[in-house]
Visitor: 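There's a structure below that I have some questions on.
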Amino acid sequence: MIVIANNEGKSGIPTAARLLAAGAPGLDALEAGIELVEDDEEVCTVGRGGWPNLLGEVELDASAMHGTSLRTGAVGGLKGFRHPIRVARQVLERLPHELLIGAGAERFAAEIGAERIELLTERSRGAWQRWFEAEVSEEDRRRWPEVALERYCHDAVDPEIGKDTTVFLAQDAERHLVSGTSTSGWGWKYPGRLGDSPIIGAGSYADSRYGACACTGAGEMTIRAGTSRAVVLYMKMGMSVGRAVEEAINDMRALQGGLLNRVTIHAIDNRGNHRVVAVNGMEGNHYWLWTPGMDAPQAFPAEIVEITPQVTRKKGAMSVYTRPDGMPG
Ligand code: GLY
């Protein structure tokens, strides 16, 4: 048994670990852990309190994958619901589909009785309002929202440049590997932008025969490199979990243009080994790990690998927001 969560998973991993230790199915443990992160308003990239898009609306993405059946469930651009991970899990459990987006995802969430909630908090609404007043031209403010958003999506300084997420990976007592993700995505994103969290193969992948992987950070990069599926496939081809992550990082080195920023790759194999590497990461990047024999989940530093000398980062952006735990975003 093992469970790993990224830095943002702090509020959920003790519950996930407790459930796994009690013999719960991996997806039940992950869903319970991720729901706690979705409720944690200190985490500004997941659930309620997550940063909104350019229009000031919070759009949530989430996914779940069972590595034995290879069934997945994901939602993208879901507005107004408290637990996107629960809706994603029910896509997996109930539908003949793997991914629902926008209005269809909201319709399904209502159909299954998912709880509605106001996702904006005083902090996230205030941060968006300050951006709107400082960065949007007077003429555009008059015509808002009937304006071209393209330039704002290029120029907007996300309050938390990390473009984070929460990701959980686990192997349960019956040796099933599972993965789960949940995010509000990139703050100040173009409306409708999906990151990698709901894209199985990019933001997460699990195959009980080999291993599982999930990524945080700039989803644009892992979508282009197919990172999570690649890591698991490299394990299938015989690489150790550590070598598989290195090879997926090599794939990222080929990316040219577009958004090049930070990505953290979290991976486990089916024998309880793991590796976590922060690509273009910063000191302080860490993850949470629990295995039987540990009293409680513990934080460990992620390895840092620099592949892009100059990531796409507006000068001064890091100083806009400091996470409550003092860690970089
Ligand atoms: N990795 C989260 C996102 O890109 O939205």
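Order of listing sets the numbers, starting from 1, for every ligand and every atom in it.
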Visitor: Quick check: is Ile117 connected to Ile85 through a chain of hydrophobic side chains (ILVMFWY, heavy atoms under 4.5 Å apart)?
Guide: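 Ile85 and Ile117: separate clusters.
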
Visitor: Could Glu138 and Arg141 be called an ion pair, given the rule that one side-chain N must be under 4.0 Å from one carboxylate O?
Guide: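 So Glu138 does not pair with Arg141 through a salt bridge.
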
Visitor: Among Arg193, Lys189, Glu220, which residue places a heavy atom closest to atom 4 (O) of ligand 1?
Guide: Arg193

Visitor: May I ask you to check if ligand 1 and Asp61 share an N or O to N or O distance below 3.5 Å?
Guide: no

Visitor: Take the angle between the ring planes of His286 and Trp288 and call it parallel below 30°, perpendicular above 60°, tilted in between.
Guide: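 Perpendicular: the ring planes of His286 and Trp288 meet at over 60°.
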
Visitor: For ligand 1, which is the ligand I care about here, please tell me if Thr183 has any N or O atom under 3.5 Å from one of the ligand's N or O atoms.
Guide: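 It does not: no N or O of Thr183 is found under 3.5 Å from an N or O of ligand 1.
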
Visitor: So if I count the atoms of ligand 1 from 1 in the order they appear, which ones are less than 4.0 Å from some heavy atom of Gly185?
Guide: 5 (O)

Visitor: Flag Thr216 as yes when one of its N or O atoms lies below 3.5 Å from any N or O atom of ligand 1, and as no otherwise.
Guide: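 No - when backbone and side-chain N and O of Thr216 are compared with those of ligand 1, no distance drops under 3.5 Å.
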
Visitor: Which of the atoms in ligand 1, numbered in the order shown and given with their element, are less than 4.0 Å from a heavy-atom of Thr165?
Guide: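 That gives atoms 1 (N), 2 (C) of ligand 1.
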
Visitor: Under the side chain to side chain contact (heavy atoms under 4.5 Å, CB included) test against Met65, which residue among Leu27, Leu70, Thr181 passes?
Guide: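 It is Leu70; the other options fail the test.
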
Visitor: Polar-atom distance check: Gly219 versus ligand 1, any N or O pair below 3.5 Å?
Guide: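 In this structure, Gly219 places an N or O atom under 3.5 Å from an N or O of ligand 1.
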
Visitor: Using 30° and 60° as the class limits, which term best fits the ring planes of Tyr287 and His266: parallel, tilted or perpendicular?
Guide: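 Tyr287 vs His266 ring planes: perpendicular.
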
Visitor: Working to the nearest 0.5 angstrom, can you tell me the gap between Glu38 CD and Leu60 CG?
Guide: 7.5 Å

Visitor: Does any N or O of ligand 1 fall below 3.5 Å from an N or O anywhere on Gly217, backbone included?
Guide: yes

